[in-house]
Structure formats: C-alpha cells, structure tokens
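In what follows, a single structure is set out as structure tokens and then discussed.
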There are 2 protein chains.
Amino acid sequence: MRHSDSGCSAHHHSCAAAGSVQACVSIVPIFNHLEPVQLEQIMETVQSATYKKGETIYRAGEKSDSLYIVHKGSVKIYRLSASGKEHMVSLLHPGDFTGEYALFSESIHESYGEALEETQMCIIQRDDIHAFLEKYPAISLKILQEFSQKLERSEKQTAYFATEKVETRIALYLVELADKLSSGKTVVLPMSRKDLAAYLGTTPETISRKIADLEAQGLLKQLSKKKLEILDVDGLL
Amino acid sequence: MRHSDSGCSAHHHSCAAAGSVQACVSIVPIFNHLEPVQLEQIMETVQSATYKKGETIYRAGEKSDSLYIVHKGSVKIYRLSASGKEHMVSLLHPGDFTGEYALFSESIHESYGEALEETQMCIIQRDDIHAFLEKYPAISLKILQEFSQKLERSEKQTAYFATEKVETRIALYLVELADKLSSGKTVVLPMSRKDLAAYLGTTPETISRKIADLEAQGLLKQLSKKKLEILDVDGLL
DNA sequence: CCCATTCCTTGACGACGGTCAAGTTTTAAA
DNA sequence: TTTAAAACTTGACCGTCGTCAAGGAATGGG
C-alpha cells in the first residue's frame with residue numbers, strides 16, 4: 001500500500017494527515033459495510049484536504065487519479081460547454097463522492113469541482129483503491145451498485161432534458177426536492193438561482209419567472225427567496 | 001450455478017439452447033479477456049433468444065433480472081416521458097449490452113428495448129452473473145470500467161442537452177458519427193429521422209430543416225436520405 | 001407491379017424561453 | 001454601519017424550434 005502525499009505540499013489549500021478522518025470513510029455507502037479492521041486499513045491511505053468557499057478542487061483537463069469523498073461542507077460539480085455555458089452535474093454533500101471515472105482508466109477530469117462553503121474532502125489514490133478491490137472484492141459490488149444507480153439517474157436526467165420543457169423540469173425538480181426532504185410541504189432551495197439554472201439547463205431569469213408563474217397558478221407560495229411552500233403537488237406534475 | 005429456462009416457454013419470440021452462443025459471450029468487452037475455461041462456464045448459463053424486427057424485448061415496468069447482450073442485429077433502447085414523448089437512450093449493436101441496472105439491485109425496467117431488425121440476444125440471469133463475480137473478481141473491474149465509461153458519456157450527453165441548442169446537437173452528432181466511422185467524410189445515418197429526433201431531443205421536422213440549413217451553408221452535402229458527406233468539420237463545430 | 005403505409009420535406013404560425021437592460025434586494029466586505 | 005458587489009426580479013424583444021398541415025418520396029406486402 002502506497003502512502004502518497006502528493007497533492008498537499010504543492011497546493012494552497014490546507015492538508016492534514018488522517019486524523020478525524022474516520023467518519024469520512026465510514027459514512028460512504030461504498031465502505032460503510034466493511035469490518036472495522038478493513039476500514040482502518042483504508043483510513044491509513046486517506047488524504048484529507050480542506051477548501052475555502054469558492055475554491056476549486058479540480059478542473060477539467062487535469063489528470064484524474066483519485067476518489068474524492070465529501071466529509072464536511074458541499075461541492076458543486078459542473079461542466080463547461082464549448083460555448084462557455086455552465087452545466088451543473090451534481091451537488092455533493094457529506095458521504096457523496098466524485099472522481100469515479102478515474103478509478104478504472106487513466107483519465108483526465110471533464111468537469112470542475114468547486115467548494116460551495118468551507119469544505120473538507122477525503123482523498124484516496126487510485127492505486128490504493130485498486131489494492132483494496134483486489135483484497136476485498138465485496139467493495140466492487142458496492143461500487144457497482146452505486147454506479148448503476150448513478151447511471152440510472154443520469155439517464156433519467158438526460159431524458160428529462162430531451163423531452164420536457166423548462167417549466168416542467170423546474171416543477172419536477174421542486175417535487176423531487178420535496179420528496180427527498182420530506183419536510184412537509186416546505187422546500188428549501190439548496191442553491192442560488194444561477195446555479196439552479198445551470199443545473200436545470202436554463203437561465204436565472206426564467207427560473208424567477210416560472211416560479212412566479214407557478215405561484216400565480218396557486219401551485220406554490222414563496223415564503224422567501226429560498227423557501228417555497230408546495231401547495232399542489234399533483235398540479236405541478 | 002442455476003440453469004434457469006424462464007423467459008422462453010412463455011413468450012412468443014423463439015428461443016434456443018446455447019448453441020452458437022460462443023461468439024456472443026466472447027465479443028463482449030466485459031468477458032472477452034477471460035480464459036477459455038471461464039468463458040465456457042459462462043456460456044453454459046447463457047440463454048439465447050431471437051426477435052423479429054419491431055418486436056419488444058422488454059418494457060418499462062417489467063421486472064428486470066438479466067443482462068442482455070446483442071449477438072446479431074440491433075436494438076433500440078428508449079424511454080417514454082410522462083407526456084408520452086419518446087427519448088432514445090441508445091442504439092445497441094453486436095457486443096453491446098443492456099440491463100445493467102438489474103444486476104446489482106432488485107429493480108424494474110425504466111426503459112424499453114426493441115429490435116430494429118432480426119436480432120439475436122444472449123441473456124444471462126442475475127444470479128449467474130453474481131456467482132461469476134464472486135468466482136472471478138476480475139470481471140467486476142471490467143464491468144466497473146464499462147460503467148464508468150457509460151456514466152461519463154451519459155453525463156456528457158446531459159450536458160449537451162442542457163447547454164447546446166438543437167442545431168449544435170445535430171452538428172455534434174454528425175461529427176461524432178464521422179469520427180466513429182472514420183469512413184472518410186461520408187456518414188451513413190444509422191436510423192430514421194424520427195428515431196434521430198427521439199435521440200437528439202427534437203422533432204423529425206427540425207432534423208430535416210437543420211440538415212437542409214447546414215447544406216445551404218455549404219457544411220455538408222446530402223448524397224441520399226441517409227448518406228451525408230461532411231464538407232467542413234470545423235464549420236460544424 | 002401496384003397499392004397502402006410510412007417516411008420525409010417544406011411552409012406557416014405561434015409559443016417558449018433566451019438575451020439585454022434596468023431597477024431592487026440581499027449579501028458580504030471594509 | 002456604510003458601501004460595493006452580487007443576486008434576484010421584471011419588462012421588452014426576438015430567435016429558435018415545436019406544432020399542424022399538406023404534398024412528395026420511399027418502402028414493403030400482396
């Protein structure tokens with residue numbers, strides 16, 4: 001097992017030896033089913049890094065050779081199109097990970113990772129992951145499960161873009177959010193209009209307008225910029 | 001290893017015991033690196049089925065518990081949106097597979113599979129696959145590679161839909177096709193305008209119009225309905 | 001070969017939503 | 001707290017593209 005320390009000395013973000021990193025590994029679905037002994041082995045190889053709000057974690061074009069797990073904070077993954085438009089791929093919270101592509105083929109990042117707040121990441125090198133997979137094949141199955149779920153969601157997402165108009169995509173997003181939070185009927189938007197637009201493939205202006213329209217139709221109510229009360233779920237669909 | 005014969009007796013498509021199924025397994029990237037002995041074991045568990053043009057292989061809502069590998073012919077995978085619009089997810093050719101989601105979690109199909117011509121499929125049951133993965137962990141790595149590639153492509157696809165307008169998507173599709181076929185500058189569209197529209201998230205009318213526009217701009221030339229000569233790759237991008 | 005069906009193309013029209021701009025509110029930094 | 005910057009909203013305008021409709025081309029079965 002290689003104890004690489006690359007990625008720390010040469011960067012401006014702060015790094016730490018694996019200290020309270022334990023939680024980081026044990027909250028990830030990929031690893032959280034493992035025996036304590038195995039967990040400990042993995043934790044020995046984990047790098048930790050913290051990023052300030054707005055700081056870039058990786059950028060498109062850079063070599064990609066590690067798995068990033070969010071420990072604390074949140075991370076925005078986005079792509080830039082040839083025409084310079086931003087598309088947000090996903091928003092990562094503690095326990096989520098990124099960099100999967102790198103694990104199984106030499107590759108470079110096609111997306112950007114950016115901390116949305118003070119964020120701590122756990123980083124595992126590809127070679128270390130490979131060693132674990134050989135040692136504990138059960139991990140492969142877990143990763144395969146995660147991958148197939150991600151794939152399923154990504155294809156569903158693509159289908160939405162291909163077949164639904166913006167208003168429908170926004171409505172679907174709000175309903176999905178309400179389901180996920182299951183916080184009654186009040187939804188808290190987890191990001192700015194700009195980011196939401198980048199996620200849903202539209203513009204901040206259209207988001208504002210459509211939410212206003214939905215409110216005018218009596219389907220929801222804006223409690224504040226970020227807080228919406230869903231009044232009629234079926235009407236939204 | 002279980003030798004299920006479900007899916008044959010009860011259906012109207014024709015089935016066959018594993019006969020000339022050998023090629024089927026050995027052409028798949030997932031398996032083609034295995035030893036002959038291992039290949040043979042897998043082949044013993046393979047079901048074979050043939051479908052006529054237009055025949056449905058599986059539909060959304062059905063239980064999903066096998067991996068489908070295309071042996072001969074071609075298959076269209078598509079989704080139907082709530083509003084009834086069709087989105088083509090992919091077009092499968094010999095060596096391609098589908099049904100991956102099912103392999104790692106109890107699940108039902110979210111898409112439809114339809115034979116576009118006389119097609120022969122090889123079918124492997126989930127339980128059999130699982131047994132192989134435990135026996136030969138190397139297969140997991142291969143599948144993980146395939147998955148991460150599919151995931152990468154799917155996210156790129158989503159980004160296109162989110163950020164590019166229809167004309168750009170069509171142009172990008174043509175260029176990609178030209179690259180893949182590497183057949184000089186002549187491209188043969190592998191599907192009808194209707195299917196192409198379902199793939200690119202637009203309508204047959206718009207496809208016709210945009211291709212006509214591109215021709216008017218001198219970027220390509222229609223040799224026939226399905227044959228296009230790319231005149232200016234850079235102009236298309 | 002003929003006919004019916006499906007596929008493709010083109011036109012007219014309008015809706016959806018992107019862009020630009022201006023004004024307002026919120027946020028964060030000094 | 002004050003001030004600058006960023007975020008949000010709303011209006012006006014217009015380009016892109018989806019819809020509906022009609023005519024022509026290609027395809028396949030009898």
Side-chain angles (χ1 to χ4, degrees), chain A residues 52-55 76 81 83-88 114-118 160-173 188-217 220-228, chain B residues 52-55 76 81 83-88 114-118 160-173 188-217 220-228:
Chain A
K52 292 193 290 280
K53 176 176 177 175
E55 201 172 342
K76 173 172 89 171
S81 76
S83 43
K85 274 192 191 169
E86 175 181 325
H87 174 236
M88 187 190 299
E114 179 189 323
L116 290 179
E117 56 190 302
E118 182 84 10
Y160 281 160
F161 279 109
T163 59
E164 310 292 359
K165 53 185 182 183
V166 170
E167 181 167 310
T168 310
R169 298 208 295 272
I170 294 175
L172 283 170
Y173 174 80
V188 178
L189 299 179
M191 50 183 141
S192 68
R193 297 281 189 273
K194 184 153 128 319
D195 283 345
L196 196 51
Y199 182 68
L200 294 175
T202 179
T203 62
E205 293 94 324
T206 297
I207 300 263
S208 278
R209 271 189 265 267
K210 292 303 179 187
I211 288 183
D213 288 354
L214 295 173
E215 187 170 22
Q217 293 171 46
L220 56 79
K221 197 163 139 190
Q222 288 200 33
L223 305 178
S224 73
K225 301 263 177 209
K226 294 267 162 62
K227 262 194 191 166
L228 304 179
Chain B
K52 291 193 290 280
K53 176 175 177 175
E55 201 172 342
K76 173 172 90 172
S81 76
S83 43
K85 275 191 189 171
E86 176 182 326
H87 174 236
M88 187 190 298
E114 178 190 324
L116 291 179
E117 56 190 302
E118 182 85 10
Y160 281 160
F161 279 109
T163 59
E164 311 291 358
K165 55 186 181 183
V166 171
E167 181 166 311
T168 310
R169 298 209 295 273
I170 295 174
L172 283 170
Y173 174 80
V188 178
L189 299 179
M191 49 184 144
S192 68
R193 297 283 189 272
K194 184 153 129 319
D195 283 345
L196 197 51
Y199 182 68
L200 295 175
T202 180
T203 61
E205 293 95 324
T206 297
I207 301 262
S208 277
R209 272 189 265 266
K210 291 305 179 187
I211 289 183
D213 288 354
L214 296 173
E215 187 170 23
Q217 292 171 46
L220 55 79
K221 198 162 137 192
Q222 286 199 14
L223 304 178
S224 72
K225 301 262 178 209
K226 294 267 163 60
K227 262 194 192 167
L228 305 179

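Being a predicted model, the structure only gives us computed values, none of them experimental. Numbered from 1 within each chain, the chains take letters A, B, ... in sequence-line order.
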- Query: For D:dA6, does OP1 or OP2 lie under 4.0 Å from any side-chain N or O of A:Lys194?
  - Reply: no

- Task: Quick one: pull up OH in B:Tyr173 and CG in B:Leu200 and give me the separation to the nearest 0.5 Å.
- Result: 7.0 Å

- Note on the structure: Shortest non-hydrogen pair, A:Ala162 vs B:His87, comes out as CB-CD2, 3.3 Å

- Note on the structure: Hits for side chain to side chain donor-acceptor pair (under 3.5 Å) against B:Glu86, two or more places apart or cross-chain, chain-then-number order -> B:Lys76

- Using atom CD1 of B:Ile207 as one end and atom C1' of D:dC17 as the other, report the distance to the nearest whole Å. 12 Å

- So which heavy atom on A:Lys227 is nearest to which on A:Val188, and how close? CG-CG2, 3.9 Å

- Message: Taking 4.0 Å as the cut-off, does a side-chain nitrogen or oxygen of B:Thr202 come that near to OP1 or OP2 on D:dG18?
- Response: yes

- Would you name the heavy atoms of A:Ala197 and A:Pro204 that are closest together and state the gap between them? CB-N, 3.5 Å

- Message: Whole angstroms only, please: what is the CG-P distance between B:Leu214 and D:dT16?
- Response: 13 Å

- Range on DNA chain C touched by chain B - first to last nucleotide, heavy-atom distance under 4.0 Å: C:dC8 to C:dA12

- Item | Closest approach of A:Ile207 to A:Arg193 (non-hydrogen atoms, all atoms of both residues) | CG2-CD, 3.6 Å

- Test side chain to side chain contact (heavy atoms under 4.5 Å, CB included) on A:Lys52 and A:Glu118 and set out the steps. CA-CA 5 Å; A:Lys52 292 193 290 280; A:Glu118 182 84 10; 4.3 Å; yes

- Side-chain (A:Arg169) to main-chain (A:Thr202) donor-acceptor, under 3.5 angstrom: no

- Task: Using atom CG of A:Leu116 as one end and atom C1' of D:dA6 as the other, report the distance to the nearest whole Å.
- Result: 15 Å

Can you give each donor-acceptor pair under 3.5 Å made by side-chain atoms of residues 208-215 of chain A, sequence neighbours left out, with the distance rounded to 0.1 Å?
residue  : atom : partner  : partner atom : Å
A:Lys210 : NZ   : A:Glu167 : OE1          : 3.4
A:Glu215 : OE2  : A:Gln222 : N            : 3.2

- Task: Drop me the distance from B:Thr203's OG1 to B:Lys85's NZ, to the nearest 0.5 angstrom.
- Result: 8.5 Å

- Could you give the CE-to-C1' distance, from A:Met191 to D:dC8, as a whole number of Å? 16 Å

- Query: Using a heavy-atom distance cut-off of less than 4.0 Å, which residues of residues 160-173 of chain A contact DNA chain C?
  - Reply: A:Lys165, A:Val166, A:Glu167

- For the helix from C:dC1-D:dG30 to C:dA30-D:dT1, what angle lies between the axis at the first five pairs and the axis at the last five pairs, to 10 degrees? 60°

- Note on the structure: From CD1 of A:Ile211 across to C1' of D:dT9 the rounded distance in Å is 11 Å

- Heavy-atom nearest pair, B:Leu228 first then B:Ser224, reads CD2-O, 4.5 Å

- Item | Protein proximity profile, nucleotides 20-28 of chain D - base contact B, sugar-phosphate-only contact S, no contact -, cut-off 4.0 Å on heavy atoms | B-----S--

- Kindly give the heavy-atom pair with the smallest separation between B:Tyr199 and B:Phe161, and that separation in Å. O-CZ, 3.4 Å

